[in-house]
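Each chain gets a letter, A, B and so on, in the order its sequence line appears, and its residues count up from 1. These values consider heavy atoms only, across backbone and side chains, with no hydrogens, waters or symmetry-generated copies.
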Amino acid sequence: MVKVTLPDGAERQYNDNITVGEVARSIGSRLAEKALAGKAGGVLVDLSYPIKEDVSLSIVTEGTDEGVEILRHSTSHLMAQAVSRLFPGAKLGIGPTIENGFYYDFDLSHSLTEEDLRKIEEEMKKIIREDVVVERYELPRDIAIKNMYAQGQLYKAELIKDIEDDTVSFYQQGEFADLCRGPHIHRTGKVKVFRLLSVAGAYWRGKETNPMLQRIYGTAFFSQAELDKHLTLLEEAEKRDHRKIGKDLDLFSFHEEGGPGLTFWHPKGARIRNIIETFWREEHFKRGYDILYSPHIAKINLWKTSGHWNFYRESMYSPITVDNHEYILKPMNCPFAVLIYKTKLHSYRDLPLRWGELGTVYRYERSGALHGLLRVRGFTQDDAHIFCTPEQLEEEIIGVIELAQFMLSSFGFNDYEIELSVRGKGEKEKYIGRDTVWQHAENALKVALDRKGLHYTRMEGEAKFYGPAIDIKVKDALGRGWQGPTIQVDFNLPERFEITYVGSDGAHHPVVMVHRTVLGAMERFVGCLIEHYAGDFPLWFAPIQMRILPITDAHLDYAKKLQQKLLARNLRVECDTANNKINYKIREGTLGKIPYLLIVGDKEVENNTVSVRSRKKGVEGVFPVDDFINTVECEIRDKK
RNA sequence: GCCCGCGUAGCUCAAUUGGCGGAGCACAUCAUUCGUAAUGAUGAGGUUGUCGGUUCGACUCCGAUCGCGGGCUCCA
């Protein structure tokens with residue numbers, strides 16, 4: 001007999017080798033109906049899993065996150081089966097679940113098209129109707145490898161070679177079997193609704209030197225309603241796309257004549273940037289920062305000293321030769337701050353020095369990586385370099401974390417992920433500096449994060465070449481994370497440039513440098529902002545805050561005077577002088593996502609009022625001009 | 001950079017199997033002077049991304065190239 005402990009604490013006795021599915025059935029037929037898998041002792045197992053010893057068990061059902069994940073994983077197998085049927089000889093890569101769906105990689109000579117996806121979907125539905133049993137079996141590792149080679153499944157063979165266990169498990173459904181840890185749904189008929197979404201190239205195991213496979217992305221749900229909801233969500237996200245909104249709202253553009261990844265800011269986009277930058281400077285001054293300006297290019301030797309030429313060259317624009325000297329467009333601002341630091345001796349009494357710089361850098365991003373404002377080749381970092389003593393380091397990092405949090409929340413970002421980016425194992429040639437120095441730097445970051453009680457993920461191999469970092473990722477409309485703020489501890493550049501401070505003992509000590517941004521880069525930040533608000537910006541940084549709409553030409557004078565009055569109060573206001581009906585003007589203003597539309601006609605002229613229509617609430621009513629000004633000035637101050 | 005797809009008027013899109021490139025919006029002119037999401041008429045606009053090839057004839061087929069998109073890789 002075995003004792004099974006259920007989630008509610010109930011204990012039940014069963015015969016040895018009873019399966020998870022049978023336990024579910026013994027509890028209730030409805031549970032059995034909805035059961036997909038089990039969780040025995042915290043490990044996900046199939047319904048066919050035989051229970052051999054006392055265990056705590058929960059049944060994974062359709063309505064749960066784990067259930068959906070199993071469904072998607074099984075759907076990816078189903079897809080692989082369909083692809084294998086339609087394209088004999090297809091070599092299979094991997095087919096995992098991902099957030100909101102799944103994918104499977106295939107190596108086939110035929111290039112998959114959208115129509116192929118529909119055909120594969122049809123074949124998948126056929127397999128669902130066949131409702132074949134999905135069965136798990138195990139093979140000794142060596143035999144499994146031999147089998148895979150015999151079947152021409154080289155990728156699978158390679159995967160098994162990397163598995164350390166003596167036996168590996170497979171799942172058989174009809175004529176199709178696939179290497180998999182499981183668990184899986186027990187019949188193909190359990191798959192309900194799914195959709196194949198796109199095809200894309202993907203390197204085998206993510207390595208550029210490996211062959212490129214064809215990846216099919218798809219998603220699956222337990223109900224049509226859920227799938228529909230998900231597809232609607234994708235459509236909504238498309239509407240929030242900053243590239244579309246940027247065009248519609250006339251914020252920025254890119255030009256073939258200008259070059260890929262080089263942003264042209266239009267007046268309204270530039271206005272947003274200017275507001276953010278002004279806010280940024282003021283906030284920095286308040287927190288004891290000064291700001292710098294530095295050149296866009298510098299002689300190549302500077303970059304050799306800094307290490308960029310050796311460790312960062314592939315991201316740098318090629319040298320420009322002037323008067324027999326080679327110059328490089330700066331990919332980073334740090335060496336410039338160092339040069340300024342070196343212009344005089346610094347006492348420990350002067351530290352920390354916090355030097356901010358809205359520095360425009362140029363990096364050669366591979367053409368395929370470019371993406372609207374979110375990944376460009378020329379961008380302005382809201383950079384700063386802090387020079388401090390080792391003792392001050394922790395406090396400085398905490399100060400930066402707090403500033404970054406303040407900045408993000410000021411712009412409405414409360415959902416972001418924090419990563420601690422450290423060196424990858426066994427690729428030391430990618431980084432400069434000694435182990436002890438790296439250890440020290442990493443520890444400082446870790447301690448600061450812990451002191452702030454922040455949750456973070458440790459990311460191996462994500463460090464910069466000169467030091468580890470705290471990276472904060474904000475999300476776009478599709479939930480893709482983009483690195484924004486970053487805090488990097490650097491003991492290496494100070495050493496390379498031999499920058500020191502004079503301590504109380506009168507001796508020179510190496511200074512510690514912190515590189516950081518609190519927004520990331522203006523381009524990316526504005527891109528994320530657009531998606532976050534879908535172009536519907538809060539009043540305080542909306543490029544146009546209000547537009548005056550005169551009913552007829554007879555009200556133009558009043559409208560113009562009103563505009564002057566509002567401009568004088570530093571409000572961003574337009575006047576719609578076009579010869580159009582008021583309905584038309586309102587429509588234009590609404591589509592332009594202008595926070596306030598101020599309608600003025602006979603009544604308003606007579607009483608010195610405005611009829612206010614807000615984007616948030618629609619018709620707000622008629623207010624004396626000064627009252628309206630008061631209201632919006634409060635709203636701007638509160639950054640609502 | 002790699003795989004796949006896409007480039008037609010400022011924008012969003014049409015154009016049988018290769019046979020004289022159209023529409024809506026925006027813009028200009030004229031009329032209209034209007035109260036909370038589109039007034040009407042007229043007009044202007046293009047070497048179909050670029051270069052080359054096939055053809056009597058190319059937006060359409062082929063090649064190259066530039067740019068964009070979805071991913072992979074890479075990163076603020």
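- Whole-Å rounding puts the Ile582(A) CD1 to A38(B) P distance at 12 Å.
- Between Leu591(A) and Gln488(A), the residue anchored nearer the 5' end of RNA chain B, judged by the nucleotide with its closest heavy atom, is Leu591(A).
- Between Phe254(A) atom CZ and G7(B) atom P the separation is 22 Å, expressed in whole Å.
- Judged purely by distance below 3.5 Å, without hydrogens or angles, the side chains of Thr517(A) and Thr486(A) never pair a donor atom with an acceptor atom.
- Looking at Glu257(A), its side chain has no donor and acceptor atom pair within 3.5 Å of the base of G49(B).
- Taking atom CG on Asp250(A) and atom P on C25(B), their separation rounds to 20 Å, with Å as the unit.
- A 3.5 Å limit on both hydrogen-bonding distances identifies A31(B) as the Watson-Crick or G-U partner of U39(B).
- Distance Ile472(A) CD1 to A76(B) C1': 13 Å, rounded to the nearest Å.
- Nearest-nucleotide assignment on RNA chain B puts the 5′-proximal partner with Lys244(A), out of Lys244(A) and Gly601(A).
- The side chain of Ile599(A) lies closest to G35(B), out of C72(B), G35(B), C11(B).
- Between the CZ atom of Arg72(A) and the NE2 atom of His77(A) there is a distance of 15.5 Å, given to the nearest 0.5 Å.
- In this entry the base of G71(B) is anti relative to its sugar, with a glycosidic angle more than 90° from 0.
- Checked against a 6.0 Å centroid threshold, the rings of Tyr466(A) and Tyr312(A) do not count as neighbours.
- In terms of polar N and O atoms assigned as donor or acceptor, the side chain of Arg366(A) never comes within less than 3.5 Å of the base of C74(B) in a complementary pairing.
- Under the Watson-Crick or G-U wobble criterion, with both distances below 3.5 Å, C20(B) is left unpaired in every strand shown.
- Pair assignment for G46(B) gives none, since no Watson-Crick or G-U wobble pairing has each distance under 3.5 Å.
- Put simply, the side chain of Arg243(A) and the base of C68(B) share no donor and acceptor less than 3.5 Å apart.
- At a cut-off of 3.5 angstrom, the base of G71(B) holds no donor-acceptor pair with the side chain of Tyr203(A).
- The salt bridge (charged side-chain N to carboxylate O under 4.0 Å, His left out) contacts involving residues 513-534 of chain A comprise Arg273(A)-Glu523(A), where partners must be two or more places apart or lie in separate chains.
- Taking atom CD of Glu588(A) as the reference point, atom P of C34(B) lies 21 Å away to the nearest angstrom.
- Phosphate proximity of A76(B) to Lys464(A): present, with a side-chain N or O under 4.0 Å from OP1 or OP2.
- Base pairing of G7(B): its partner is C66(B), meeting the Watson-Crick or G-U wobble criterion (both donor-acceptor distances under 3.5 Å).
- A perpendicular orientation is assigned to the rings of His255(A) and Phe264(A), their planes being inclined by more than 60° (bins at 30° and 60°).
- Distances were taken from every side-chain heavy atom of Glu256(A) (C-beta onward) to each of A37(B), C34(B), C66(B); the shortest belongs to C66(B).
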